[in-house]
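Presented below is the structure to which this report refers.
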Amino acid sequence: MELRQLRYFVVLAEELHYGQAAARLRISKPTLSQQIAVLERSLGVQLLDRRSRSIALTPAGETLLHQARQVLAASEQLQKAVAVAGSARPPVDLRVANGLQHALSSAFDELMHDPLMQVVLATTNTHDAEAAVATGRADAALVWLPSGDHPSLHAIRLGAASVCLAVPRGHRFAKLDPVPVEEVADEIVALFPRRLSPLVWDRFVEHLLPGGYTPRQVLDAPSADPMRKIVDLVAAGRAVAPFVRVIAEALALPGVELCDLAPTFDLPVHLMCRESDRADIQRIVAVVRAQVGNASADVGSQGMAGSLR
């Protein structure tokens, strides 16, 4: 099993179409098919269900997708860390909470190509990101909502990203745009498992179902790729789902329409750090704040006790 084969498999799993995946990888379709077959033989399992005209991941394929992404991310981080270690500039270890890698892709691209600093990115959940900063294993973390578990950290609010409602194409909500939140109580709402980001999960539920909810109204989407699972549930007409709009637009969700909510709903973005006056931290703040584009954001840093109150 080679890293190249894992990269091929991840792209194919995302596209679920040999032609589109081959074009994205800039290889021929037969080459892609051959390498996936070699990968299946080396693992001794079937990764793709090819019985219908379209392809789908088998349970083994779902498991490999999750693990392969971690392996590829670790490989990329290792290469960058080694490159940084050979340079004169000290690296900045930046942890990123799930979802922000999509929402802030332009900012990350700018930071990674900044000639004055070296940034090493790693995506994780909010708890792990903050813990890494608090224990000195990372220099800073970008999160949606600070957990409050580490009162010694500074929380710098960088702005907020608007949240929309993803609905199946042709859904009645498309005619209501914006959708009154009281209408959502009659729908099944798909969300990522709460354990991945409890504060964001709670914020979504509190806004979308302010009158309370029963477990039947919230459908968790556990899988190797919860975001893709949620998209599939919405596209199949089984649920509606809240999405940060910039993430939804970046993913170009197939078979899904995006509706505004009434009242509107924003999800804040914060940077957590131990030393807010460092030049490299201030550079990250400036770049991310510019992408978020919220001029009214709180520009100062503060202790966790007052960051969201």
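Everything numeric here is computed off the predicted structure, so don't read it as measured data. Throughout, residue positions are numbered sequentially from 1 according to the sequence presented.
Within the structure, the salt bridge (Lys or Arg N to Asp or Glu O under 4.0 Å) test picks out the following pairs touching residues 15-38 (sequence neighbours left out): E14-R24, E15-R24. Pairs of residues two or more places apart, or lying in two chains, never qualify as ring pair (Phe, Tyr, Trp, His ring centres under 6.0 Å) while including a residue from residues 10-29. Residue pairs meeting the salt bridge (Lys or Arg N to Asp or Glu O under 4.0 Å) criterion with at least one member in residues 100-112, sequence neighbours excluded, are E110-R283.
Note that CZ of R157 and CG of L145 are 9.0 Å apart. Values are rounded to the nearest 0.5 Å. One distance of note links CE of M272 with OG of S147; it measures 7.0 Å at 0.5 Å rounding. Interatomic distance, E206 CD to L199 CG, rounded to the nearest 0.5 Å: 9.5 Å. Distance check: I36 CD1 to Y8 OH gives 9.5 Å after rounding to the nearest 0.5 Å. Separation of atoms CG (L258) and CD (E249) is listed at 6.5 Å; rounding is to 0.5 Å. Here the CZ-CG distance, from R69 to L72, works out to 9.5 Å after rounding to the nearest 0.5 Å.
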Exercise for the section: For E275 and I281, run side-chain contact (heavy atoms from CB on, under 4.5 Å): C-alpha distance rounded to whole Å, both residues' side-chain angles, the deciding distance at 0.1 Å, then the answer. Expected result: CA-CA 8 Å; E275 305 169 67; I281 298 298; 5.9 Å; no
Practice task
Determine, step by step, whether V119 and D280 satisfy the side-chain contact (heavy atoms from CB on, under 4.5 Å) criterion, reporting the C-alpha distance in whole Å, the side-chain angles of both residues, the deciding distance to 0.1 Å, and the verdict.
Solution key: CA-CA 9 Å; V119 178; D280 48 12; over 6 Å; no
Practice task
Would you please test V205 and L191 for side-chain contact (heavy atoms from CB on, under 4.5 Å) and show each step?
Solution key: CA-CA 9 Å; V205 169; L191 291 174; 3.6 Å; yes
Exercise for the section: Check the pair L65, L47 against side-chain contact (heavy atoms from CB on, under 4.5 Å), reporting the backbone distance first and the verdict last. Expected result: CA-CA 9 Å; L65 176 61; L47 300 172; over 6 Å; no
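A heavy-atom distance below 4.5 Å is found between the side chains of I55 and L12. Counting only heavy atoms from C-beta outward, the side chains of R172 and E187 approach each other to under 4.5 Å. No side-chain heavy atom of F243 sits under 4.5 Å from any side-chain heavy atom of V256. Contact check for L94 versus D139: no side-chain heavy atoms found under the 4.5 Å cut-off. Two residues are said to be in side-chain contact when any heavy atoms from C-beta on lie closer than 4.5 Å; R289 and I156 meet this criterion. V143 is not listed as a side-chain neighbour of R95, based on a closest heavy-atom distance of 4.5 Å or more. The side-chain heavy atoms of L267 and V200, taken from C-beta on, include a pair separated by under 4.5 Å. Using a 4.5 Å heavy-atom threshold, the side chains of P168 and V240 count as touching.
The side chain to side chain donor-acceptor pair (under 3.5 Å) test applied to Q70 returns H66, not counting sequence neighbours. Residues satisfying the side chain to side chain donor-acceptor pair (under 3.5 Å) criterion with Q5, sequence neighbours excluded, are Q35. Remark: H171 engages F173 in a ring-ring contact (aromatic ring centres under 6.0 Å, His included) (not counting sequence neighbours). Under the side chain to side chain donor-acceptor pair (under 3.5 Å) criterion, D177 pairs with no residue, sequence neighbours left out. Taking F108 as the reference, nothing meets the ring-ring contact (aromatic ring centres under 6.0 Å, His included) condition, with sequence neighbours excluded. For the salt bridge (charged side-chain N to carboxylate O under 4.0 Å, His left out) test, no residue two or more places apart in sequence or in another chain qualifies with R169. Take H127 and apply the ring-ring contact (aromatic ring centres under 6.0 Å, His included) test, not counting sequence neighbours, and it matches no residue. Contacts of E40 classified as salt bridge (charged side-chain N to carboxylate O under 4.0 Å, His left out), with partners at least two apart in sequence or in another chain: R50. Residues that satisfy the side chain to side chain donor-acceptor pair (under 3.5 Å) test with Q20, not counting sequence neighbours, are absent from this structure.
Looking only at distances, no side-chain donor or acceptor of W201 sits under 3.5 Å from a matching main-chain atom of P193. Q282 contributes a side-chain N or O that, together with a main-chain N or O of S276, makes up a donor-acceptor pair within less than 3.5 Å.
Taking both residues in full, the closest heavy atoms of G148 and P151 are given as O-CD, 4.3 Å, listed atom of the first, atom of the second, then distance. When all heavy atoms of D266 and S162 are compared, the closest pair comes out as OD1-CA, 3.2 Å. The shortest heavy-atom contact between P146 and H270 is CD-ND1, 3.5 Å. Considering all non-hydrogen atoms of both residues, S75 and L3 come closest at OG-CD1, 3.5 Å. Shown here for G99 and I247, the closest heavy-atom pair between the two residues is O-CD1, 3.2 Å. Shortest non-hydrogen contact noted between A161 and W144 is CB-CZ3, 4.2 Å.
Using a 3.5 Å distance cut-off with no hydrogens or angles, the side chains of T58 and Q46 do not pair a donor with an acceptor.
The pair D232-R238 does not count as a salt bridge, with every side-chain nitrogen at least 4.0 angstrom from each carboxylate oxygen.
Under the 4.5 Å side-chain contact rule for hydrophobic residues, V38 and L25 do not share a cluster.
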